[in-house]
Each structure stands twice: as structure tokens, then as C-alpha cells.
Amino acid sequence: MTAETSQTLDRGLRVLKLLADTDHGLTVTELSNKLGVNRTVVYRLLATLEQHALVRRDLGGRARVGLGVLRLGRQVHPLVREAALPALRSLAEDIGATAHLTLVDGADALAVAVVEPTWTDYHVAYRAGFRHPLDRGAAGRAILAARQGSLIEPGYTLTHGELEAGASGAAAPLVGVTGIEGSVGVVMLADAVPERVGPRVVDAAREVADALR
């Protein structure tokens, strides 16, 4: 802590981070031990966070992340999209295919940014807001592979015809971005993805990850 920072705010943010890292919630005693402060301080922090719907307590007294964080989370997508657009534009123009940034939204993969190439005679129409199950399509499969630790070299996932007949996809996960699960990919009308596309998608995913750090 420095003179310019707030100890109370710091503790409140640490409470939220601790609760976000558990599926079962934490008791006041557990939070007190993890934070190294007395129970009275924890009670006050939780009461304040509850007023803003950022924390809720169940009948057993365990604190969990509240629905108020969803309102904050909705503002993340525009910021992420803005950061990703330069890399997506470069990818779309280079490959001549529709490029997209996809993030996890519950059990779905949600396209939050899409860039179509400007010079091609035809390309796959893909829109921001399109969602599909994580286990279908290159974008979702790349995310799952990274989550499960099963993504191996060369670091990207290829699919064909899983979301649209005749369309192939390539995607690489975002790596090293705290709090965000996502992937960068392209979709094209082709029976197979050209060899150079996969490595180019990996480079684009790395560019987006760097922009978000």
C-alpha cells in the first residue's frame, strides 16, 4: 500500500477476487483468515458490497459474488472489442476471410467483434452477437482446449462444417489474459483451411492478448 491508495478499497477488491475464485462461497471466518484482518472488518466490507449487489450471502452465511458484477461485466465487451479490432482487421485483410474475437458467455461462445475483408468477391457473413455451444466450431473448441490444457502445437484448432455447411474455421485461444477466456479466429468458405492460416491466427491471438494485458 502507498499513500495514494485506499486500504479499504483494496480490501474490498480482494474480497471480490477471493469470492470469484471459489464456487462454494466463503464464510466470514474464512475471509478473515485469508485477508489477515479481524471479522468485524470483514462484516463491514461485506455489508458495503451487498449494498451494491456485488456480494450476496446465502442462508448458511457464506458470501458469494452477487449479480451486480454482471452489470459491470457488460461494459467489458466494448473495451475488449476496441482493443482487438486492429489485429482483427489485419488478419481479415491478410487472409481474405472473416475474422472474429470470441469470448466465453456461460456455456456458449459469443462473438464480440467481427471484421470482414474488404477485397474479396465473397466471404462468410458472420455477425457480432452470434453465439454457439463451446464444443462446436473452431472458436469454442480452441477455448475448451486451452481450458483443459489439451491444446498442443501448433496452437490452433481447425474445424469444417460444424456451424455452417461448407465453411471451415481456424481459431487460437487468448493466452495470459487474466479474467478473460476467448479466442481469435477466421471462418471461410473452403473445404479445408490453407496451411498458412493457422499460424497467422496464432499471431493475431497473441496480438490481441498483448493489447488486453
Side-chain angles (χ1 to χ4, degrees), residues 1-84 101-113 128-135 139-151 171-184 205-206 208-213:
M1 299 293 294
T2 67
E4 292 79 19
T5 60
S6 165
Q7 184 181 60
T8 301
L9 178 58
D10 177 73
R11 286 173 174 170
L13 293 173
R14 288 169 63 195
V15 167
L16 288 176
K17 289 179 179 179
L18 287 170
L19 296 180
D21 288 337
T22 176
D23 294 328
H24 308 293
L26 294 170
T27 66
V28 169
T29 298
E30 289 169 336
L31 284 167
S32 175
N33 292 335
K34 289 178 180 293
L35 292 172
V37 300
N38 64 52
R39 290 162 54 91
T40 301
V41 172
V42 174
Y43 275 117
R44 289 172 179 167
L45 291 170
L46 291 178
T48 302
L49 292 169
E50 279 186 291
Q51 286 182 346
H52 295 276
L54 298 175
V55 164
R56 62 182 176 85
R57 278 183 274 188
D58 60 25
L59 294 178
R62 303 186 75 83
R64 303 171 188 270
V65 173
L67 294 177
V69 300
L70 294 178
R71 290 194 294 273
L72 298 177
R74 292 191 191 104
Q75 303 308 311
V76 172
H77 285 179
L79 296 175
V80 172
R81 181 167 58 246
E82 182 178 346
L101 168 68
T102 298
L103 301 181
V104 172
D105 186 31
D108 292 338
L110 174 67
V112 299
F130 176 69
R131 65 173 63 236
H132 57 84
L134 280 171
D135 60 356
R141 290 186 181 277
I143 293 169
L144 287 178
R147 178 188 292 180
Q148 297 161 0
S150 60
L151 188 73
L174 298 178
V175 177
V177 183
T178 303
I180 295 178
E181 278 189 298
S183 65
V184 170
R206 187 179 300 114
V208 173
D210 288 343
L212 292 174
R213 291 193 185 103

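Numbers here simply count residues along the sequence, with the first being 1. The model shown is predicted, which means the values in this text are computed figures rather than measured ones.
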task: With the side chain counted from C-beta on, respond yes when L49 and V15 share a heavy-atom pair under 4.5 Å apart, and no when they do not.
output: yes
task: Ignoring hydrogens and angles, tell me if any N or O in the side chain of T48 forms a donor-acceptor pair with the backbone of R44 under 3.5 Å.
output: yes
query: Checking R213 side chain against G176 main chain: does a donor-acceptor pair fall under 3.5 Å?
result: yes
task: Please confirm whether the backbone N or O of L79 pairs with a side-chain atom of E82, one donor and one acceptor, at under 3.5 Å?
output: no
field: Sidechain N-carboxylate O distance under 4.0 Å for E50, R56
entry: no
task: Could you tell me which non-hydrogen atom of V208 sits nearest to which non-hydrogen atom of A84, and how far apart they are?
output: CG1-CB, 3.9 Å
task: Could you tell me which non-hydrogen atom of R62 sits nearest to which non-hydrogen atom of T27, and how far apart they are?
output: NH1-CG2, 3.3 Å
query: So how far is it from R11 CZ to L16 CG, rounded to the nearest 0.5 Å?
result: 15.0 Å
- request: Check whether any side-chain heavy atom of L31 lies under 4.5 Å from a side-chain heavy atom of L18, and answer yes or no.
  value: yes
- prompt: What are the two closest heavy atoms between A113 and R81, and how far apart are they?
  reply: CB-CG, 3.4 Å
- line: Closest heavy-atom pair, A209 versus L174, reported as atoms and distance to 0.1 Å, is N-CD2, 4.1 Å
statement: Taken to the nearest 0.5 Å, the spacing of L101 CG from L103 CG works out to 4.5 Å
task: List the atom of R147, the atom of L134, and the distance in Å for their closest heavy-atom pair.
output: NH2-CD1, 4.0 Å
- prompt: Given R131 and D105, is the side chain to side chain contact (heavy atoms under 4.5 Å, CB included) satisfied, shown in steps?
  reply: CA-CA 9 Å; R131 65 173 63 236; D105 186 31; 2.7 Å; yes
task: Provide the closest heavy-atom pair for A146 versus P173 in the form atom of the first, atom of the second, distance.
output: CB-CB, 3.6 Å
- request: In sequence, state the C-alpha distance, the side-chain angles, and the governing distance for V65 and V55, and then conclude on side chain to side chain contact (heavy atoms under 4.5 Å, CB included).
  value: CA-CA 5 Å; V65 173; V55 164; over 6 Å; no
- line: Value for NZ (K34) from OG1 (T22), rounded to nearest 0.5 Å, stands at 8.0 Å
field: Sidechain-backbone polar pair: R141 side chain, D135 backbone, donor-acceptor under 3.5 Å
entry: yes
- prompt: Rounded to the nearest 0.5 Å, how far apart are CG of L45 and CZ of R14?
  reply: 10.0 Å
statement: When rounded to the nearest 0.5 Å, the distance separating CD of E30 from NE2 of H24 is 11.0 Å
- prompt: Less than 4.5 Å apart, any side-chain heavy atom of V175 and any of R206?
  reply: no
Side-chain donor/acceptor of N38 to backbone N/O of T40, under 3.5 Å: yes
- prompt: Under 3.5 Å, side chain of T102 to main-chain N/O of S183, donor-acceptor pair present?
  reply: no
message: Using 0.5 Å steps for rounding, measure from the CG atom of L13 to the CG atom of L54.
response: 9.5 Å
- prompt: Does a salt bridge link R64 with D58, judged by any charged N lying under 4.0 Å from a carboxylate O?
  reply: yes
